[in-house]
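What follows is one structure encoded as structure tokens, with my remarks underneath.
Predicted model, so just to flag it, every value in this text is computed and none were measured.
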Amino acid sequence: MKLLPYYGNLTPGDCINIFNQKEMQWLNEQSFIVTEGRYMHWPFGNHHQETMPYGKKYRQQLKITSYLLAKFTPKRIGVIIDRMVNEWIISKQKIGVISTIIQEEVRYLLSAMMLDLVFDQEASDDIVRIFYTAQKNMNSVFIGTGLRSKKVRQDMHQELKKLVLNSVEDGHFREFMEDNGNIVMLTEHIGTMIFYTAIQQLMESIGHCMTKIILIPRVYDKLLPLLVRNAEELDSDEIIHDTYLDWVVNESLRMFPQFPKTTREVFETFTYKGLTFNKGETIGLDIRGCNSMMWDDGDKFIPERWEDWSPQSVPTKETPGKGYFISFGQGYKRGCPAKVFARQATKIMLVGLLSRATFYVPKSFIHIPRMTKGTPVVVSFNRDENPGHKELVNRLLDKAESEQATHNILNIPFWSGLGFWKKCAKVKAYAMNLDPGIFSAFISSIYVNIGYLFKKTLRRFGL
């Protein structure tokens, strides 16, 4: 596999131009990401929209995606998040202070939000829990901390099928059904794209962004006026157009793209700047690497770098590669169709949570791109700064810091990850699709875990 930008010493701008060639149309069906996706997404079909060649099925699935995204307006998102966050606050307010994981709280809220957005009705807590549990299981497979559970997946599949049937009977998805669509495909696509892919990526995006805002006081202070204005009721229009919040989200997406790399299969041989890309070859793109190379101090979180740029800016000869990033994927007609919705939902959820409660992260927390356990936080729902309240917050922070310092990461990700590879190897359909990339990914995970354990050991002994 040729990995850009390192192959041929290309610039980030060159990488984007190559991936935008018509000759690179879809993900390689033999690639590791498709093999992993089939395992993760079961029972919602074997194909992700991005892996399909153009044709009837691709067109049908695109109709479903377009129909849903048209419904996901900022106003609807704002109203739903406003209601959900208020209910979340009420359910926790009697406790006053809680110790939790940001991503777990956000996952539940996103599950409820998506059910409301897709099916135009507020779901009961029991139904939300079914989707939340299945998504949590998928996430554990994705990060290598567990194997998939058929029971929780089937529970979600059955519940989703009921909701889809009721929705079709009420006249929704009419254009798709008239194009010889069917309930099975509709259920599989909504399950994969919305309740697995969208929630997973939104959860990580919001988690990373919130973590940086909490850890960097100057960033929080600059957002404070916006938070104060939206403390009583969310103004979705103001939130999605706030300049500094836009910079913060841009910077978080630049540093923490949800997929660190993507791959494409060359459909027809072509040449770019003297480099030949042959038909059938797999071309990889290091998204995180390109996002870092585009900027000075690319490893630092600096929202202000976006003051003169935007993700839509066009690079010039004086600023090659600057002013845009590729966190939502890249490729001829293969960019993420939900990138506008993702940015809007991220911004509104951030303001909804940060304006209604105070979040604290342990000082020793190490923010890494792929957080297997999420961000530990202490959340205060009591704005009264009395001595007893502060003491409780500090005590919970000390406990969270202690648990983090003594946690042995090898007890979870490494062996569960090994179980995942073993499971894949046992299934003939998966084994036939494995390529050398799976072994390099496995070896890389060993090095990452050993390195992380070494850092933790040094911190534990105060070194």
- Item | Where Val379 and Thr100 come nearest, the two heavy atoms and their spacing | CG2-CG2, 3.9 Å

- Message: Quick check on side chain to side chain contact (heavy atoms under 4.5 Å, CB included): which of Leu350, Leu109, Thr211 does Ile206 satisfy it with?
- Response: Leu350

- Query: Which atoms form the tightest heavy-atom contact between Pro303 and Tyr244, and what is the distance?
  - Reply: CG-OH, 3.8 Å

- Query: Where do Val248 and Cys209 come nearest, in terms of heavy atoms and distance?
  - Reply: CG1-SG, 3.7 Å

- Query: With sequence neighbours left out, which residue pairs that include part of residues 76-92 fulfil the salt bridge (charged side-chain N to carboxylate O under 4.0 Å, His left out) condition?
  - Reply: Arg76-Asp120, Asp82-Arg356, Arg83-Glu87, Arg83-Asp116, Arg83-Glu122

- Under the side-chain contact (heavy atoms from CB on, under 4.5 Å) rule, what do Phe119 and Leu160 come out as? Steps first, then yes or no, please. CA-CA 10 Å; Phe119 300 111; Leu160 181 59; 3.6 Å; yes

- Message: I'd like to check Thr375 versus Ile214 (side-chain heavy atoms, cut-off strictly below 4.5 Å). Are they in contact?
- Response: no

- Task: Give me the ring orientation class for His367 and His208: parallel if the planes are under 30° apart, tilted from 30 to 60°, perpendicular past 60°.
- Result: parallel

- Task: Output yes when a side-chain donor or acceptor of Ser66 lies under 3.5 Å from a complementary backbone atom of Lys63, and no otherwise.
- Result: no

- Task: To the nearest 0.5 Å, tell me how far Met349 CE sits from Ile239 CD1.
- Result: 11.5 Å

- Least distance between heavy atoms, Leu202 atom then Ala345 atom: CD2-CB, 4.1 Å

- Task: Kindly indicate whether the side chain of Arg107, heavy atoms from C-beta on, has any atom under 4.5 Å from the side chain of Asn139.
- Result: yes

- Interatomic distance, Leu4 atom CG to Tyr272 atom OH [nearest 0.5 angstrom]: 10.5 Å

- Message: I'd like to know if the side chain of Asp125 pairs up with that of Tyr132 as donor and acceptor (distance under 3.5 Å, no hydrogens or angles considered).
- Response: no

- Any side-chain heavy atom of Arg343 within less than 4.5 Å of one from Asn250? yes

- Task: Take Ile190 and Phe195 through the test side-chain contact (heavy atoms from CB on, under 4.5 Å) and record every step on the way to the result.
- Result: CA-CA 7 Å; Ile190 293 176; Phe195 292 103; 3.7 Å; yes

- Message: Assess the residue pair Thr346 and Leu253 against the criterion (side-chain contact (heavy atoms from CB on, under 4.5 Å)); give the C-alpha distance rounded to whole Å, side-chain angles, the decisive distance to 0.1 Å, and a yes or no.
- Response: CA-CA 11 Å; Thr346 296; Leu253 289 170; over 6 Å; no

- Message: Tell me the closest heavy-atom pair linking Leu234 and Ser355, and the distance in Å.
- Response: CD2-OG, 4.4 Å

- Message: The criterion is side-chain contact (heavy atoms from CB on, under 4.5 Å); which residues satisfy it with Thr133, sequence neighbours excluded?
- Response: Val152

- Spell out, as yes or no, whether a donor-acceptor pair under 3.5 Å connects the side chain of Gln103 to the backbone of Glu204. no

- Message: Which residues pass the salt bridge (charged side-chain N to carboxylate O under 4.0 Å, His left out) test with Lys273, not counting sequence neighbours?
- Response: Asp14

- Task: Calculate, to the nearest 0.5 Å, the distance between atoms CD1 and CE belonging to Ile89 and Met84 respectively.
- Result: 12.0 Å

- Where do Gly374 and Ile101 come nearest, in terms of heavy atoms and distance? CA-CG2, 3.8 Å

- Message: How about NZ on Lys71, more than 12 heavy atoms from neighbouring residues, nucleotides or ligands closer than 6.0 Å, or not?
- Response: yes

- Asp246/Trp306 under side-chain contact (heavy atoms from CB on, under 4.5 Å): CA gap, chis, key distance, verdict: CA-CA 9 Å; Asp246 193 57; Trp306 293 94; over 6 Å; no

- Task: Check salt bridge (charged side-chain N to carboxylate O under 4.0 Å, His left out) between Lys212 and all other residues, then give those that pass, not counting sequence neighbours.
- Result: none

- Message: Nearest 0.5 Å, please: how far is CD1 in Ile80 from CZ in Phe72?
- Response: 9.0 Å

- Item | Listed once per pair and sorted, the salt bridge (charged side-chain N to carboxylate O under 4.0 Å, His left out) pairs that draw on residues 224-233, sequence neighbours left out | Arg229-Glu238

- Are any non-hydrogen side-chain atoms of Ile199 and Phe131 less than 4.5 angstrom apart? no

- Message: Measuring from atom CH2 of Trp247 to atom CD of Glu304, what distance do you get when rounded to the nearest 0.5 angstrom?
- Response: 6.5 Å

- So, the side chain of Glu251 versus the backbone of Ile302: is there a donor-acceptor pair under 3.5 Å, distance only? yes

- Query: CD1 of Ile194 to CD1 of Ile64: how many Å apart, nearest 0.5 Å?
  - Reply: 10.0 Å

- side-chain contact (heavy atoms from CB on, under 4.5 Å) against Ile240, all qualifying residues, sequence neighbours excluded: Pro74, Gln344, Ile348

- Query: Donor-acceptor pair, Ser205 side chain versus Gln201 backbone, under 3.5 Å?
  - Reply: no

- Query: Do Tyr220 and Leu227 have side-chain heavy atoms sitting under 4.5 Å apart?
  - Reply: yes

